Number of protein chains: 2
Amino acid sequence: MPRHVDHEQRRAQVVAVATDLVVVEGRDALTVRNVARASGCSTKVVSHYFADVTELHHATYAAAAGRASARVQAVLDADSGDVAGLLGALLPVDAERARDWTIWLSFWSEALPSERLRADQAERSRSIDERLARALGVLVERGELAPDVDVDVAGCRLGAILHGVAIQATFDPERWPPGRQRDVVDSELALLGIRSPAAR
Amino acid sequence: MPRHVDHEQRRAQVVAVATDLVVVEGRDALTVRNVARASGCSTKVVSHYFADVTELHHATYAAAAGRASARVQAVLDADSGDVAGLLGALLPVDAERARDWTIWLSFWSEALPSERLRADQAERSRSIDERLARALGVLVERGELAPDVDVDVAGCRLGAILHGVAIQATFDPERWPPGRQRDVVDSELALLGIRSPAAR
C-alpha cells in the first residue's frame, strides 16, 4: 500500500475513534490519552497525526461535514429540485446523521470565541440556505412552485427549521423521532404548496 | 440589609461576571481564578457561592433562562395572542438577548453527555413550543387565524425557526441583523395568514 494512503487511512481511524468518544462520552472525554487507549496505540501515534486535541476535535467536525456534503450531493445528483430529500440528507433521522449533529453541537462552544471557527460555521449555514434556495428555484422553473414565492426567504426559513428541528432532536430524541422531524419539515413544504414525495 | 439579600445579590454579581467572561472570551475562560480576578475578590469568595465551575456555568445558563422567561411573560401579560412578540422576546435582536443565546450555546456541549442537563434543555424547548401553540390557539379563538391550522405543528415550526435563526444569528450577526431575523419569522407568520403588527 502506498505510504500516503496508509497515512490517510490511519488518520481517518483516529478521527473515527475521536468521534465515538465525543458522541458517547462528551467533548470533555476527548483527550489524546483517551483516543490512544481506545485506538490501542500510544499517545505518540495520535500526536503524529494531530498537533493537539483542538485540531483533532476540528477534524471530527470536518469529517461530519464531509459526510453531510456527500449525502447532499447524492440527493442533488439524482434530482436538483428535491428539496425534501435535501432536508432529509441533513436531518438527524438515522444513526449517522444523529452522530454528525452531536459532533457539530459539541463543537459550537469552542467555535464561538474563535473568529476562524465561527466563520466556518457561518459559511456552512449560508451554504445550506443557498442550496435550499437553488432547489426551490428549480421547482419554480418546473412549475412545481408558485413563481411569486421568494425562494431566498423560503430557503432561509427551511434552513432555520432544519437547524431548529435537528438541535431539538439531538437533545430530545424521544420527542423528535424521525417521523416527527419529517412531519414538521413537510408541513412547511405543504404551506409552500410543494407536495411531499411518496417515498424518501 | 438582611443577610440573605446580601447573599443573593453577591451571588448574582458573581454570575454576571461569569456571564461576561463566557460571552467575551468563551467557555474555556470560565475558571474560578478568572472570575475572582474580574470580580476583584479572592477565589475563596467565588467558591463560597459555587461548588465548582460547572455549577457556576449552569447558574449563568439559568440566569439567561430567567431573563428570557421574564421577557416572554411580559409579552403574554400584555397580549396572550402576541405570537410575533413572543418570538421577538426570544430572538437575539438586542444585546441582552444575543448574550443569552451565546450563554446557551456555550452550554450545549457540556449538556449533551449529561442526562439531567439534556433534560433541562429539552424541557426549555418543549415549553417554548407549547407557549407558541397556546398563543396561536388564542388567535384561532379570536378569529385571527384559520381554525383548520394545526396549532401544535405550527408552534413546533415557529419554535424550530426561532432556534435556527437565533443560532445562525449568534454565529453570523453580520448576515443576521435584527431586521432580517424578524423578516424571516414574519414571513412564516404571513404564510399562516397572521399579519405582522405595525410596531413590536
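Just so it is clear: chains get the letters A, B, ... in the order the sequence lines come, proteins before strands, and each one is counted from 1. The structure presented is a predicted model; accordingly, all values stated were derived computationally and were not measured.
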Shared ILVMFWY cluster between A:L139 and A:L87, side chains joined below 4.5 angstrom? yes

Joint cluster assignment, A:V72 & A:L91, ILVMFWY side-chain distance < 4.5 Å: yes

Shared hydrophobic cluster for B:L132 and B:V153 (ILVMFWY, side-chain gaps under 4.5 Å): no

Between the CG atom in A:L192 and the CG atom in B:L191, the distance rounded to the nearest 0.5 Å is 6.0 Å

Can you hop from B:I194 to B:L158 via hydrophobic side chains spaced under 4.5 Å? yes

With a 4.5 angstrom heavy-atom cut-off, is it the side chain or the backbone of A:I167 that approaches chain B, or both, or neither? side chain

Is there a chain of hydrophobic side chains (I, L, V, M, F, W, Y, each step under 4.5 Å between heavy atoms) that links B:V75 to B:V83? no

Between chain B and chain A, donor-acceptor distances below 3.5 angstrom:
from: B:S106; atom 1: O; to: A:S109; atom 2: OG; distance (Å): 3.2
from: B:S109; atom 1: OG; to: A:S106; atom 2: O; distance (Å): 3.2
from: B:D129; atom 1: OD2; to: A:R175; atom 2: NH2; distance (Å): 2.8
from: B:R157; atom 1: NH1; to: A:S187; atom 2: OG; distance (Å): 2.7
from: B:R175; atom 1: NH2; to: A:D129; atom 2: OD2; distance (Å): 2.8
from: B:S187; atom 1: OG; to: A:R157; atom 2: NH1; distance (Å): 2.7

Heavy-atom pair count under 4.5 Å with chain B, highest-scoring of A:V165, A:L112, A:V184, A:V23: A:L112

Taking every heavy-atom pair that is under 4.5 Å apart, which of A:P113, A:A160, A:G26 has the most such pairs with chain B? A:A160

Note: vs chain B, highest number of non-hydrogen pairs under 4.5 angstrom among A:A111, A:C156, A:A119, A:A29 is A:C156

